[in-house]
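Structure first, commentary second.
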Amino acid sequence: MERLAAELKDRGFATRVYKVDGGRPRLRVINTAAPVLTEDIHVVRDGEGGPAFFFPWPQLIAPIRDIDAAADRIERVLAEVGR
């Protein structure tokens with residue numbers, strides 16, 4: 001999550017890794033140009049059993065080994081008009 005957080009910060013997003021009640025870590029991603037565009041990213045097992053980043057609804061983002069693909073997808077979902 002720290003690597004993904006750093007990549008998203010480089011793209012202009014605010015990020016914070018946190019835990020709720022000692023549970024699994026989550027990555028909060030905030031579009032600083034449009035703060036209403038905010039989402040929490042989770043790491044869970046994908047259909048093949050490998051760890052992957054997921055949106056909370058749940059929708060696969062990318063395997064954790066593919067930071068660039070994950071950052072690209074998150075950026076598209078949280079992009080403001082004209083980005």
With sequence neighbours excluded, residues passing side-chain hydrogen bond (donor to acceptor under 3.5 Å, both in side chains) with [X]:
X	answer
R16	none
E39	none
D66	none

Worksheet item: Which residues pass the side chain to side chain contact (heavy atoms under 4.5 Å, CB included) test with R24, sequence neighbours left out?
Response: V44
Worksheet item: Would you say the side chain of Y18 lies within less than 4.5 Å of the side chain of R28, judging by non-hydrogen atoms?
Response: yes
Worksheet item: Judged by atom type as modelled, is there a donor-acceptor pair below 3.5 Å linking the side chain of N31 to the main-chain atoms of A33?
Response: yes
Worksheet item: Does the distance from a Lys or Arg side-chain N to an Asp or Glu carboxylate O, for R11 and E7, drop under 4.0 Å?
Response: yes
Can you tell me how far apart [atom1] ([X]) and [atom2] ([Y]) are? Round to the nearest 0.5 Å.
X	Y	atom1	atom2	answer
R73	I61	CZ	CD1	7.0 Å
L78	R76	CG	CZ	11.5 Å
M1	I67	CE	CD1	10.0 Å
F13	L4	CZ	CG	10.5 Å

Worksheet item: Can you list the other members of the hydrophobic cluster that holds I30, where links are side-chain heavy atoms under 4.5 angstrom apart?
Response: none
Worksheet item: Do the side chains of I64 and V29 join up, straight or via other hydrophobic residues, at under 4.5 Å, putting them in one cluster?
Response: yes
Worksheet item: Does V43 belong to the same Ile/Leu/Val/Met/Phe/Trp/Tyr cluster as L60, with side-chain heavy atoms less than 4.5 Å apart forming each link?
Response: no
Closest non-hydrogen atom pair, [X] against [Y]:
X	Y	result
V17	P25	CG1-CB, 4.1 Å
G12	T32	O-OG1, 2.9 Å
F53	A70	CD1-CB, 3.7 Å
A52	D46	CB-CB, 4.0 Å

Discussion item. My understanding is that only one of L27, I41, I74 makes a side chain to side chain contact (heavy atoms under 4.5 Å, CB included) with T15; could you say which?
Written reply: L27
Item to complete: Quick one: list whatever passes ring-ring contact (aromatic ring centres under 6.0 Å, His included) with F55, sequence neighbours left out.
Response: W57
